[in-house]
Amino acid sequence: MIHDYDTELGQTRADVARLHSALAREPDDVSGATRLLYRRYHLATLAGQVDDLPALRHEVEDAIGRLGLNGDLCLLTGQIDFTLHRFSDVVTDLERVVGLAHSRPARALLADARLRQGHVAEARTELEELLDPPSWDVLSRLAGLLDACGDDLSADRAYAAAQEELSAKQMRAFAWLELKRGSLALRRGREGDAEDHYDRADRAYSGYWLVDEHFAGLAVARGRLDAAEARLRRVVMRVPRPTARQELGRVLEQMGRRTEAESHYAAALDAYKASAAAGEVHYLHHLVDFYTTVHIDLAAAARWADADATASSTRRAMPTTSIT
Amino acid sequence: MADHNDPNAVNSIFADIDMSAADLYDLFGYPSDDQSLGESVVVALTFAPVPDTGVLDTDMLYRILVTSHPRLDARRDDEPRLRSMVEQLEAVRETYFGNFSAPEIRVTMTEDQQANVQFLGFHGGTFTRTVSTNEVHELSSPSGHGIRAFVGGRDDAFFNDLPGFFRSINYAPQFYHVPHTSDLRELPIPKTLLELEGNHLFNFDPDKPRHGYGVKLNLPPGPYEWTGDRFARDADGNYRFVYSGEDAQAGRNVNAIVLEIPLDFITGEPRADRVVATWGESWVLKASAKVDTIPDQLFWREHPWALVDGAHGDDQLKRYKVVDTVGQPFADAGLNEREDRRQLGANNFLLARQFVRRLAHLGWGFGPSISALGLQTSFDHDDAPVSVHRTYRSALAAFPRVKKVIFQRLNMPDDSWNKHGLDIPLRRPFEIFIPNVCSIDMDTTGTWPFGRRLEDQVATRFLAMFLDMSADIQGSPYNVETLGDQKVWDTAPVVPKTPPNPLSNDKDFLPRFPYLAEPW
């Protein structure tokens, strides 16, 4: 059986290859270059290769230098910076082209960044203004805001409303919203509801590692460590996510397999530290978590927390509202 | 979002926007010349050939709504006033969207490419048939009516110089790479039928002859306002036409739903209900509906009628989202500025005032162009020597300029359209475009604007609205075909000497159902 995820991954890789070839023939084609960079961003996030994004960010900047400033490329830099947790940079990115910050996609992204910087009321006002006409992405952002504010009921309604805006051509987005709703339910201890949502996500878009990751969390909550291990092993085989390695280590440790767990912890820690050494900030809070819950070292945790605070002094630890 | 001219995400003529099966192209409708089913009407809905020509998307639902009513021949030629136009339109709205549901045909596809064709609410009954694609079928209704149906791939019956139209409105995305985050579409340059001196962004460049015809350039930085004061002329004193007459749709395919339906299946009063109004819609399955069919795929495969049964009431439509609508050609592209939020479909009465403002905006561009060619225009441009870029916030302010464009009756080239020689009033633009339906007069040939036949050059006829229909040319009154007459161009001070759009399709239409030519 061919899974939906594999189909999309294959198509995206084929798109990237085709656009690469086309651009080689016409290197000054702004539209072609823009499409290629957008597809590569999509490929990186789809394949869970967030570590590819800093390099891609540089390539987008090179393209801007070569082809000139344009709104689409600056929006992409903003999107990448957001994914890399550089929320202050998002604002700067979107102000580089006159009028860009007033476009609908830029306003939605800016609201996301504002939320992450703790400007909840400002973000909410902006998102509510963007609801005419309603769109799934704005509704889901609003749901994320409500979720972050602890209003689970309203968040779930907003996620459900976002789902109603989606067509059969957007099943991955539908699955992602099901995962968000399942996570909400799980946090409230409604494991059965969470399972229903995760099942639905799996049916909507099969073979998605993000679904496995969520099922693993549910299995842990239910004490079904074997099932959690199986799910997480599938994730780490498919995508290079250090967070999944850390989680797998945690499950193995709970199962009493300390040696195996340590190898996964070490892999996660190496990845976090390599990222931090490269000047990236998106794993800093994971380092804090690592040193407070895995290898407990409060001094180290404090150092990383300080680095995180310095990198983004106003950023809050809130759940992501972007599809990763 | 209808027709070939739309830049919206669901539309397809631009290279950087993927085609979508939801992208409706055209709706044709006319009385059939074939009487073997009795008095019948031909309706053809065409749309993007996605996933392929002759292969239809299983997530889509296509609707063709069909209603009938007596000819509204009691309308008076009132003093052209905005209020009377709006009042007349309000009365017409009840005819179409009062307290009733129009009969309709719905087409959905099974996974194995069988078409479920549902006839809902017709005088002749409600029934469903499942038919194979790319073949002609003669269906039998419960009431004994024969109905011809075809679902599948055909040649695109639209023939048009679309890049010429885009050049006339300075539509940047056809000629340049325009960022999607920018709102640059129609640049602030006068609309025009003749090139403007110094309009380097859009004037024909012999060094780049395919610019706009598939070739896009990087958009130079602004400002984009035109600062000239005259039309461009060559060394011989000729203007340069923005149109080429080339068929931009040549060699292209569509997918299509074609039906030939007896009038007495549509209405129980075929002698009285002489007008059949029809419009099309595309709907896409909601994600939430799709996921609910996934867990028990075996069930749906074994019980496909369970989905169809949901059609009664409107449980079926609740599972879909409307995407695109089509009724009149150019109703969206020419008049609604192709904005998604203005895609109201057939029920576009809210746009009546916008219609006035938009026509006035176009008139300031096309009117002076027509005058420069030595032709008479219906638009009052105060003898402007060159096209003007002017927009209006108020329909009231725009109306005096455009009232003749809106209220004049559009002459036909001869009497052949009126096949029974009846007292049928010529149609006026506001009656044609609002509501946005194809209104087929069964006592005519159904040539536009009395319907739309396959062979009608509707883009050129659309431009004829800006001609003064009370004037004469070469001894005959102006009419909807005047700009398609080669003799007009032979004597006009313009090059190339061609009608704006091709005069016929790239492939011959068929003399028999389904009438649209075989696909390429």
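Just so we're clear, the structure is a prediction, and the values are computed from it rather than from any experiment. So you know, we letter chains A, B, ... as the sequences are listed, proteins then strands, and number each from 1.
- Note on B:Leu219, B:Asp57, B:Leu217: by heavy-atom pairs under 4.5 Å with chain A, the leading option is B:Asp57.
- With a threshold of 4.5 angstrom between heavy atoms, B:Lys286 approaches chain A through its backbone and through its side chain.
- Both the backbone and the side chain of A:Glu164 come within less than 4.5 Å of a heavy atom in chain B.
- Aromatic pair A:Tyr205/A:Tyr208: centroids less than 6.0 angstrom apart.
- For the 3.5 Å distance criterion, the side chains of A:Thr34 and A:Asp72 fail to qualify, holding no donor opposite an acceptor.
- Proximity to chain B is limited to the side chain of A:Leu75, based on heavy atoms less than 4.5 angstrom apart.
- Scanning for salt bridge (charged side-chain N to carboxylate O under 4.0 Å, His left out) contacts around A:Asp6 gives A:Arg238, with sequence neighbours left out.
- A donor-acceptor pair under 3.5 Å links the side-chain atoms of B:Tyr224 to the main chain of B:Pro220, judged by distance alone.
- Taking 4.5 Å as the limit, some side-chain heavy atom of A:Trp136 sits within range of a side-chain heavy atom of A:Leu177.
- Neither the backbone nor the side chain of B:Asp183 comes within contact range of chain A; no heavy atom of the residue lies under 4.5 Å from a heavy atom of that chain.
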